[in-house]
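In what follows, chains are A, B, ... by sequence order, proteins preceding strands, each numbered from 1. Note that the structure is a prediction, hence the values are computed from the model and not measured.
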Number of protein chains: 2
Amino acid sequence: MDLWYFILTKNEINLIFGIAEFWYKIDIFTYMNTNLDNKKVEKISKALGDPYRIRIMQAVKEEKDWLQCQAIKEMFNLAQSTISHHLSQLVDAELLHAEKDGRHARYKINQEVMGDYVSYLSDFRDK
Amino acid sequence: MDLWYFILTKNEINLIFGIAEFWYKIDIFTYMNTNLDNKKVEKISKALGDPYRIRIMQAVKEEKDWLQCQAIKEMFNLAQSTISHHLSQLVDAELLHAEKDGRHARYKINQEVMGDYVSYLSDFRDK
DNA sequence: TTTATATATCGAAATATATCGATATATAAT
DNA sequence: ATTATATATCGATATATTTCGATATATAAA
């Protein structure tokens, strides 16, 4: 049996989808994402450009559902006000959804914005 | 004919690949990208967290092949040393390949690192 | 060899960000 | 009502980044 190794480009994904469309008689629509302007991309990138915030995002990702602010505070040796600052950077960039539950705050990843950012960056690939 | 609208998650892509594997009797291997550590992700994000550098990336993308440094200088009202600084941020983060051609420098997007960054971020999606 | 051009590097000043401690606010527990 | 807990905000300081002008380096043109 042969083993083939691919790094797939957008065009190649489109080809595969094309075959799938033909075989299953369906239409798969892909679209270029225009939801993010440069200002927004800058803000998101800045938000991800800090070691603590990267680890916060990872912790939020690991959590099945929402992650309590309290849990984040216990991960680091940082003042509570500093954690709060990092969290608002992530919320301002809309990378995280924030929700208040009594006196607790909890967070989960904003899938839509994260998806927009990923597809924005994907446009830098191939041509 | 029915029209269905999907935002596909990684798991759903895997399902589609699974069907393709079954039908064409091939193996499609997907793997979690571990090429980037947090330090690298931080550096790349920081590099993308500046309006000039975002526009430089876009300009490099638009260029069919390599983009001359000179062309970038003409896009902005910035001192030559500042442009040089921004370009080295992007090259240090390995978002751009740099090449010297005589006394000119030229750049193109480092597809591998950009791809690694995109797939790193993709792991923040779905679960 | 001299001069012009493209880019890189250095040092200083301006600006932005991270961090803390103190304090405010809002909710829950007593 | 009072007290304790979770989070947010403020002001000050430390640190990092951006920007410039001046200068260095390296290549091409005269």
Side-chain angles (χ1 to χ4, degrees), chain A residues 38-60 63 65-110, chain B residues 38-60 63 65-110:
Chain A
N38 284 7
K39 198 68 208 160
K40 185 79 189 162
V41 170
E42 182 193 341
K43 195 160 197 176
I44 293 173
S45 304
K46 274 205 175 96
L48 291 172
D50 176 278
Y52 290 104
R53 293 197 290 265
I54 290 172
R55 289 190 54 201
I56 290 173
M57 290 297 290
Q58 288 169 337
V60 173
E63 198 61 24
D65 195 28
W66 294 82
L67 184 64
Q68 301 273 348
C69 177
Q70 199 60 10
I72 296 166
K73 215 173 77 189
E74 279 153 23
M75 294 168 55
F76 309 114
N77 288 319
L78 284 181
Q80 176 269 322
S81 55
T82 305
I83 305 265
S84 185
H85 160 78
H86 284 309
L87 282 166
S88 24
Q89 300 263 103
L90 290 169
V91 171
D92 279 3
E94 294 183 280
L95 285 168
L96 292 183
H97 280 299
E99 219 183 45
K100 271 279 188 160
D101 172 30
R103 53 184 164 172
H104 298 268
R106 50 189 197 175
Y107 301 91
K108 69 175 174 182
I109 289 176
N110 186 333
Chain B
N38 284 5
K39 198 68 208 158
K40 185 80 189 160
V41 170
E42 183 194 340
K43 194 160 197 176
I44 292 172
S45 304
K46 274 206 175 95
L48 290 172
D50 176 277
Y52 291 104
R53 292 195 294 263
I54 290 172
R55 290 190 55 201
I56 289 171
M57 289 299 290
Q58 288 169 337
V60 173
E63 198 61 26
D65 195 29
W66 294 82
L67 184 64
Q68 301 274 348
C69 175
Q70 198 59 10
I72 297 166
K73 216 173 76 188
E74 279 153 22
M75 292 168 55
F76 310 114
N77 288 318
L78 285 181
Q80 175 268 324
S81 55
T82 305
I83 305 265
S84 185
H85 160 79
H86 285 309
L87 283 166
S88 26
Q89 300 262 103
L90 291 169
V91 171
D92 280 3
E94 294 184 278
L95 285 168
L96 292 184
H97 280 299
E99 220 183 43
K100 272 279 189 159
D101 171 30
R103 56 186 162 171
H104 299 267
R106 50 190 197 174
Y107 301 91
K108 69 176 176 182
I109 290 177
N110 185 333

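Whole-Å rounding puts the B:Glu74 CD to C:dA6 P distance at 9 Å. Taking atom CD1 on A:Ile56 and atom P on D:dT7, their separation rounds to 13 Å, with Å as the unit.
Legend: residues meeting ring-ring contact (aromatic ring centres under 6.0 Å, His included) with A:His86, ordered by chain and number and at least two apart, are A:Tyr52. In terms of the ring-ring contact (aromatic ring centres under 6.0 Å, His included) criterion, B:His97 has no residue partners (sequence neighbours excluded).
The backbone N or O of A:Ser84 lies less than 3.5 Å from a partner atom in the side chain of A:Ser88, making a donor-acceptor pair. Using modelled atom types, one side-chain atom of A:Lys40 and one backbone atom of A:Ala93 make a donor-acceptor pair closer than 3.5 Å.
In this structure, A:Asp101 and B:His104 both approach DNA chain C, and ranking their closest nucleotides by distance from the 5' end singles out B:His104.
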Stepwise, does the side-chain hydrogen bond (donor to acceptor under 3.5 Å, both in side chains) test hold for A:Gln89 with A:Asp50? CA-CA 10 Å; A:Gln89 300 263 103; A:Asp50 176 278; over 6 Å; no
What is the per-nucleotide protein-contact pattern of nucleotides 8-21 of chain D, from the 5' end, where B denotes a base atom under 4.0 Å from a protein heavy atom, S denotes such proximity for sugar-phosphate atoms only, and - denotes neither? BB-------SSBBB
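Under 3.5 Å, the side chain of B:Arg103 and the base of C:dT7 form no donor-acceptor pair of N or O atoms.
Here the straight-line distance linking atom NE2 of A:His85 with atom CZ of A:Arg53 works out to 5.5 Å at 0.5 Å rounding.
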